[in-house]
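Just below is one structure, and these are the notes that go with it.
Note that the coordinates shown come from a computational prediction; the quantities given were computed from them, not determined experimentally. Note on naming: letters A, B, ... go to the chains in the order of the sequence lines (proteins, then strands), and numbering restarts at 1 for each one. Computation of the quantities below employed the complete heavy-atom set of this structure, encompassing side-chain atoms and omitting hydrogens, waters and symmetry-equivalent molecules.
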There are 2 protein chains.
Amino acid sequence: MSVPVTIRDVAKAADVSPATVSRTFVRPEKVDAVTRERVLSAAARLDYRPNRAAQSLITGLTGNIGIVVPDLTNPFFPSVVRGIQNRAEELGYPVLLVDSGEDPVRESELVTRLGRQVDGLVLCAARMSDEDLLSHRRQRPMVLINRQVPGVPAVTFDNAAGIAQEVTHLKALGHVRIGYVAGPGTSYSSRVRQGAVTSHLAAAGLTEVAVGSFAPSFEGGRSAAEKVLLANVTAVMVYNDVMALGLINQLAQYGVSVPNDMTVVGYDDIEFAAMANPALTTVRVPREEAGALAMSYLNALLTATGPAPEAPAELKTEFIFRGTSVRAPLAQALAE
Amino acid sequence: MSVPVTIRDVAKAADVSPATVSRTFVRPEKVDAVTRERVLSAAARLDYRPNRAAQSLITGLTGNIGIVVPDLTNPFFPSVVRGIQNRAEELGYPVLLVDSGEDPVRESELVTRLGRQVDGLVLCAARMSDEDLLSHRRQRPMVLINRQVPGVPAVTFDNAAGIAQEVTHLKALGHVRIGYVAGPGTSYSSRVRQGAVTSHLAAAGLTEVAVGSFAPSFEGGRSAAEKVLLANVTAVMVYNDVMALGLINQLAQYGVSVPNDMTVVGYDDIEFAAMANPALTTVRVPREEAGALAMSYLNALLTATGPAPEAPAELKTEFIFRGTSVRAPLAQALAE
DNA sequence: TCCCTTGATGAAAACGGTTTCACCGGTTTA
DNA sequence: TAAACCGGTGAAACCGTTTTCATCAAGGGA
C-alpha cells in the first residue's frame, strides 16, 4: 500500500543498479542468469510494477491500442470489439474504444485525438476517405476491418463468396427478379457487396432490381419497404441483417408477410437474426475471429515480429438457411 | 510533423521560462494577463500539445477513465457505454473499455489491471461482491451503474416504479397468477427487481409464481420456457428483454403463441424490443442518460468540483405498452 | 606475456512536464 | 523611513524509467 515501489527499491533489494533491474525486464538476455534471478525475486517480493508513464516518457510508446467503430449499438460491432479485446488482453494491451457515430468527419478527428494516446489502431468499417485514412496511416500503425485501402493491412470477409452463396440459394428456390437493398454509399463494404450482387446475379442469369441506398439501421430497412414493394420482385437481398429486420417489420405493416409473400435474405448473421420470427436467412461472417486476427496483425506491426501481413486477409463466410426464404412459386401462389 | 514541440520551445518563442508556460496552462490566474496572452499565442502558433506521459509522471494522473461492462453483446450495455463516452468526450477523457464476460472474478481482475491506467472508473452492473467493490473503491474513484453499495456513488433506475407499472398493467388486463422469470443471482438488479416484484404483486393482491433464475441471455430465456408452461399462469414478467425474447421464441416451439396464449412483459426496452414481432411490452430505462450522468459524477469526483453525489441517483423508468400483453380472459379463451 | 574481445555491470544523462523556492520590484503598514 | 507583504517570474529539483557510455574482469589469440 501507500508508497509505490520503484525500480530503485528493487535495485536496492537485489543489490544491483537500477539499470540492471531495467535490463532484467526489457533485455533479459543482457543480464547474467544469477543476477537476473535475484532481481526477479526481489521484484516479486516487493510486488514491483513499472510505472507506465515513466516508460512512456522515455520510449515514446503508450502500450495502448485504439479501436474505432461507426456505431456500437449496431450488433455487428460489439462482436468484433470483443474479438479484438480478447486478443488484446492476451497480448497485454489495454484498449481505448471510440464510437464515431457513422460520421466520417468525426471519425477522422477521433483518430487524430486517439493518435497520441495509442501505439496503434484497429479501424472497423472506417467511413473516412482513402486519403484521410492514408494520412493517419502515416502517423500510426493501423489495421482495417471490413475496409480495403491499397497498402494498409486489413482483414475483410469474402463477401463475393457470401453473395454468391445467396444468389445460388435464391436461384435454387426459383426466384428470377431479385431486389437489392444497398447500405450507405459511404460504406466500403456496401459498395463491394453491391458490385458482387450485380456480377453474380448476372452470371446466374437472374435479373437485378436496384432498390436504392439506405442507412444501415433498422429504420433504414423500414424506409426501403415501399420501394421494395414497387420493385415487383419475389425476393430481396439486403445489405445487412439489421436492415433486413427493419424491412420485414415494415413490410408487415403493408400486410406483406415474410416469407410467404416475399423472400428476404440478410447479411452478417447478427445474434438477432436467429432470434427473429421467422428466423432470418443470412450469411454468417466471423466477426470475433476478424477482430482477433486484426489485433494479431496490429501486434505484428507493433513488435515488428511475426508475419507483417501484406495481402489483406479474407475470412470465409457461411450461408445460413433459415426461415425468411422460400420457393418462388409458392410465394407467388400465396400472394395471389 | 517530425520533432514534437515541447514546453521549452514554447518558452523560447514566448521569451519566458518553461515554468511560466506550464503555469499558463495549469494555473492561469498565477500569470500576468499579458504574458499569458503571449504564451498562449506562441503555443497556438507552434501547435503545442503537452506530453501526456510527462504530465502523468509528475502528477500521478493518467487523464483516462475506465468502463467495465459484463457483456458488450448484450444490447443493454452499448447504449450506456455510448452515454458515458459522449459525456467523457465533452469532458476530455479518453476511455478504456473492458468486458468482463459476466465473470465476477475476471471482472475484479480487470478492474485491478485497469486501475493503474485510469484515474477513475465507471462500473456497469458490477457482478463482483460488495467487499471486492469496496476494496477497489479505496484505490480509485468509481461510480456504479445499476448497482448499489453503501458509500459508493451510483446511478440506478427506479426499478420499483418500473415493476409497479408492470404490475398495474397486468392487473388492469385481468391477470391474477403471474410468473416471474428472474435473472442471475449474481446480478444486483436482479435481486432488487425480484424483491420489487414480490412486494408489488402482493400489494396488488395478485399471486406470484417464481419460475426460477436464468442467465440474462436469449438462451437463458429459452431455457425458462418449460418452467413457465408448468407454472400455470396467464402472464409472465421477465427480468430483461433479451430473456423475454428468448422465452417467447421457445414458447413458440411449444406451440404457445404470445400474446394470445401467454402475456409476456420484459424490461429495459432494448432496441429489439420494438423491432420484435409482436413488439415487446416492456419498461424503458434511460440507458444513455444513465451513462452520461455517471460520467458527470465521476468527473465531479475527479475534479473535486460540482456536486459530489452522496445519495445514488434514481432515474425514472417508463412503461411501454406494446404487443406481447393482452387481457387475461381473452388469453384464456384462446388457450382452450 | 600482452593486447584485444567480450560480457556484465553501474553512473549518469536523458525524456517533458510540474512545483518548490528564491528573488525582485513595488506597495502597504507601522 | 524601515519593515513586512505581494504578485510575477525563473532556476532547479523532481517524477521513474530507459539507454548510452565507460569500466572492469575474464578469456582468447598472437
Any side-chain donor-acceptor pair under 3.5 Å between [X] and [Y]?
X       : Y       : value
Q117(B) : N64(A)  : yes
R147(A) : T156(A) : no
T62(B)  : D119(B) : yes

### Query
Has the side chain of R52(B) got a donor or acceptor atom sitting under 3.5 Å from an opposite partner on the base of dG17(C)?
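Checked by distance alone, the answer is no.
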
### Message
When you measure only distances, ignoring hydrogens and angles, does the side chain of R8(B) come within 3.5 Å of the base of dG17(C) through a donor and an acceptor?
### Response
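Side chain to base: pair found, below 3.5 Å.
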
### Message
Quick check on DNA chain D: between V26(A) and D15(B), whose nearest nucleotide comes earlier from the 5' end?
### Response
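The residue mapped nearer the 5' terminus is D15(B).
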
OP1 or OP2 of [N] sitting under 4.0 Å from any side-chain N/O of [X]?
X      : N       : answer
Q55(B) : dG16(C) : no
T6(B)  : dG16(C) : no
Y48(B) : dG17(C) : yes
T59(B) : dT18(C) : no

### Query
Hey, are the side chains of H136(A) and M128(A) touching, using non-hydrogen atoms and a 4.5 Å cut-off?
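Yes, close enough: below the 4.5 Å cut-off.
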
Using a cut-off of 4.0 Å on non-hydrogen atoms, how would the nucleic acid contact of [X] be classed: base, sugar-phosphate, or nothing?
X      : answer
T35(B) : sugar-phosphate
F25(A) : nothing
S22(A) : base
V16(B) : sugar-phosphate

In whole angstroms, how far is the [atom2] atom of [N] from the [atom1] atom of [X]?
X       : N       : atom1 : atom2 : result
I58(A)  : dT18(D) : CD1   : P     : 8 Å
R38(A)  : dT9(C)  : CZ    : C1'   : 11 Å
R116(A) : dG16(C) : CZ    : C1'   : 14 Å
E29(B)  : dT19(C) : CD    : P     : 12 Å
L46(A)  : dG16(D) : CG    : P     : 14 Å
L61(B)  : dG17(C) : CG    : P     : 16 Å
K30(B)  : dC21(C) : NZ    : P     : 13 Å
K12(A)  : dA11(C) : NZ    : C1'   : 15 Å

Return the nearest nucleotide to the side chain of [X]; candidates are [options].
X      : options                   : answer
L57(A) : dG8(D), dG16(D), dT9(C)   : dG16(D)
R23(B) : dG16(D), dG8(D), dT20(C)  : dT20(C)
R27(A) : dT17(D), dA8(C), dT19(D)  : dT19(D)
A19(A) : dT17(D), dT19(D), dA12(D) : dT19(D)

### Query
Going from CD on Q85(A) to CD on E288(A), what distance comes out if it is rounded to the nearest 0.5 angstrom?
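One finds 10.5 Å between CD of Q85(A) and CD of E288(A).
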
#### Entry: Salt bridge R23(A)-E29(A), side-chain N to carboxylate O under 4.0 Å
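Looking at R23(A) and E29(A), the cut-off is not met.
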
